[in-house]
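One structure below.
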2 protein chains.
Amino acid sequence: MTDDRWVAPAVLLAVDLVILTLRRSRLHVLLVERGVEPYRGASALPGGFLRHPEEDLTAAAHRELSEEANLDAETLRLEQLGVYGEPGRDPRGRVVSVAYLAIAPRLPEPTAGTDAADARWQPVDRVLSGELELAFDHRRIVADGVERARVTLEHSAIATAFCGPIFTITELQEVYEAVWGIPLDPRNFYRKVQKTDGFIVPVGSARKAATGRPARLFKAGPRAVLYPPMVRPAESSSTEEQ
Amino acid sequence: MTDDRWVAPAVLLAVDLVILTLRRSRLHVLLVERGVEPYRGASALPGGFLRHPEEDLTAAAHRELSEEANLDAETLRLEQLGVYGEPGRDPRGRVVSVAYLAIAPRLPEPTAGTDAADARWQPVDRVLSGELELAFDHRRIVADGVERARVTLEHSAIATAFCGPIFTITELQEVYEAVWGIPLDPRNFYRKVQKTDGFIVPVGSARKAATGRPARLFKAGPRAVLYPPMVRPAESSSTEEQ
DNA sequence: CTAATAGTGTCTCTCAGACAGTATTCT
DNA sequence: AGAATACTGTCTGAGAGACACTATTAG
């Protein structure tokens with residue numbers, strides 16, 4: 001930035017949150033029902049305007065998280081997803097929104113917070129397919145968030161954040177299958193995860209299902225970045241043009 | 001976003017550009033000398049405030065590109081890098097800046113544009129090492145831009161954008177070496193690039209250096225996303241904690 | 001026993017990395 | 001010829017994917 005000879009126009013700044021979790025082996029996103037115009041009654045991502053002129057963006061994201069979804073903001077790591085600032089995306093005027101992505105362990109049904117009329121988990125499929133319509137350009141933001149989560153799963157140990165503090169390898173596999181949307185071979189997954197240094201560490205053992213051999217339990221290991229990465233199988237993509 | 005019961009504070013929105021190119025086999029970033037306070041006389045990324053309240057962010061980025069650096073904005077693909085919005089990053093008040101990344105072919109020395117007192121290419125090493133100090137938090141933005149470029153080089157055919165419209169495989173290799181900051185084996189690089197489907201396509205032949213066998217010439221292929229990706233060799237990383 | 005899930009061993013194919021060797025130009 | 005750069009062939013080791021096989025539980 002170099003120059004402010006002239007009066008620069010001010011804009012309204014908002015934060016939006018894409019909070020993903022796993023429920024019944026399907027990827028879900030947290031949505032609220034808008035209590036005010038515009039799009040009153042429609043589903044939307046939790047979020048809102050900056051409260052004070054000096055509020056930090058990340059702080060605002062955490063604040064909205066606890067206000068709108070009653071989720072313990074401290075335990076969730078928020079990652080900046082992008083800026084959505086097209087003129088006309090908000091009928092109230094020029095609103096530029098910074099989107100954040102969070103990946104959450106299995107959480108209880110959120111009780112509606114102070115701000116939102118309602119907050120609940122919805123399967124991302126329903127949103128991406130357009131079956132469930134969202135306010136503003138929030139469907140696009142969800143799509144970007146899911147794609148980001150897919151890539152992040154490859155290179156970071158964030159998948160363990162989808163599980164509880166203790167989990168089986170099969171549960172971890174279900175995370176990858178749900179987010180990537182493809183089935184994986186349990187045997188190869190088992191080997192791969194085990195030999196990825198620092199990804200998971202064993203703790204004890206428990207019997208799970210009514211049948212079958214009990215699975216060993218693990219917790220997240222010390223490594224945040226995975227090397228080698230978990231590789232997502234090639235998409236059956238036709239030639240992509242640039 | 002859900003609620004605007006109260007007056008939301010407005011902020012000033014700026015765009016900053018990280019424009020990378022290759023000169024003499026080294027990665028360079030375009031910097032301008034600030035003509036106004038604050039940080040008058042210091043080096044900074046090209047960029048500036050939104051001009052009208054309804055200006056699109058990408059449009060503003062393109063505008064600044066041509067105004068401040070006299071670069072043909074249309075030919076450069078801009079990629080959103082992130083938002084930098086810490087309170088206090090700009091002494092004039094609350095300024096939130098959206099950073100864009102562009103990767104440019106070898107370009108002529110830019111003539112100073114209308115806005116900037118001066119614009120010139122500087123090696124990124126000098127910036128990242130701190131030898132050359134930048135205004136605001138621009139050093140951080142450059143660092144993020146370089147890291148993004150490194151990752152992007154792995155998965156996309158953007159490396160060809162560093163070269164001219166026609167190039168040799170050795171020239172392409174120099175791009176990877178400069179951006180990644182490591183040497184690569186020419187023989188293996190040759191094979192790898194050749195068999196990555198749709199990455200580059202041959203055209204003719206030319207003699208280059210004063211000595212040696214002439215190199216075949218290529219142009220960018222139809223593929224924008226590379227599969228399999230070009231893999232960057234493992235860093236000699238110690239254990240990273242989360 | 002069977003059914004069901006957890007976990008192991010092993011084969012094959014591909015690919016990255018190392019590097020010897022060949023091709024084509026210059027002086 | 002010799003030097004320099006472009007390009008090819010081949011070996012090796014690591015890892016992904018496929019899948020037969022063993023282990024441990026419930027009923």
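Every chain is numbered from 1, with letters handed out A, B, ... down the list of sequences. Just so you know, these numbers come straight off a predicted model, no measurement behind them.
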Salt bridge B/E131-B/R139, side-chain N to carboxylate O under 4.0 Å:
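Judged by the 4.0 Å cut-off on N to carboxylate O distance, B/E131 and B/R139 do not form a salt bridge.
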Can you find a side-chain donor-acceptor pair between A/Y84 and A/D144 that sits under 3.5 Å?
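Yes.
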Crowded around A/Q194 CD? As in, over 12 foreign heavy atoms under 6.0 Å?
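Atom CD in A/Q194 is packed in, count exceeds 12.
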Around B/E86, counting heavy atoms of other residues, nucleotides and ligands shown, do more than 12 lie under 6.0 Å from its CD?
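No, not enclosed.
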Enumerate the protein-to-nucleotides 16-22 of chain C contacts in which both atoms are nitrogen or oxygen and the separation is below 3.5 Å.
from: C/dA16; atom 1: OP1; to: B/K192; atom 2: NZ; distance (Å): 2.4
from: C/dA18; atom 1: N7; to: B/N188; atom 2: OD1; distance (Å): 3.2
from: C/dA18; atom 1: N7; to: B/N188; atom 2: ND2; distance (Å): 2.9
from: C/dA18; atom 1: N6; to: B/N188; atom 2: OD1; distance (Å): 3.2
from: C/dA18; atom 1: N6; to: B/R191; atom 2: NH2; distance (Å): 3.2
from: C/dA20; atom 1: N6; to: B/R187; atom 2: NH1; distance (Å): 3.3

Please determine whether salt bridge (charged side-chain N to carboxylate O under 4.0 Å, His left out) holds for the pair A/E171 and A/K219, giving the CA-CA distance in whole Å, both sets of side-chain angles, and the decisive distance to 0.1 Å.
CA-CA 12 Å; A/E171 282 166 0; A/K219 59 175 182 161; over 6 Å; no
In this structure, is the centre-to-centre distance between the rings of A/F189 and A/Y176 below 6.0 Å?
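Ring centres of A/F189 and A/Y176 closer than 6.0 Å.
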Provide the closest heavy-atom pair for B/L226 versus B/E154 in the form atom of the first, atom of the second, distance.
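Shortest heavy-atom separation between B/L226 and B/E154 comes out as CD1-O, 4.2 Å.
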I'd like to check the salt bridge (Lys or Arg N to Asp or Glu O under 4.0 Å) partners of B/D56; sequence neighbours left out, ordered by chain and number.
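Partners of B/D56 by the salt bridge (Lys or Arg N to Asp or Glu O under 4.0 Å) criterion come out as none, since no residue qualifies.
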side-chain contact (heavy atoms from CB on, under 4.5 Å) involving B/A60 - partner list, sequence neighbours excluded
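Scan of B/A60 (side-chain contact (heavy atoms from CB on, under 4.5 Å), adjacent residues dropped) gives B/V15, B/L50, B/E55, B/R63.
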B/T152: partners by side-chain contact (heavy atoms from CB on, under 4.5 Å), with sequence neighbours left out:
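For B/T152, the residues satisfying side-chain contact (heavy atoms from CB on, under 4.5 Å) (neighbours in sequence not counted) are B/E79, B/R148, B/S156, B/I158.
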Between A/P186 and A/T211, name the one whose nearest nucleotide on DNA chain C is closer to the 5' end.
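This one resolves to A/T211.
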Measure CE/B/M230 against P/C/dC15 and give the value in whole Å, please.
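Answer to the nearest Å: 14 Å.
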Nearest-Å distance, CZ (A/F218) to P (C/dA6)?
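That distance rounds to 12 Å.
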Please check the phosphate of C/dT25 (OP1 and OP2 only) for any side-chain N or O of B/R216 closer than 4.0 Å.
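Answer no for this pair, as no side-chain N or O of B/R216 is under 4.0 Å from OP1 or OP2.
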Positional range of nucleotides in DNA chain D within the contact set of chain A, heavy-atom, under 4.0 Å
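The footprint of chain A covers D/dA16 to D/dA26.
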Give me the residues of residues 163-176 of chain B where at least one heavy atom lies under 4.0 Å from an atom of DNA chain C, by number, or none.
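Residues of residues 163-176 of chain B under 4.0 Å from DNA chain C: none.
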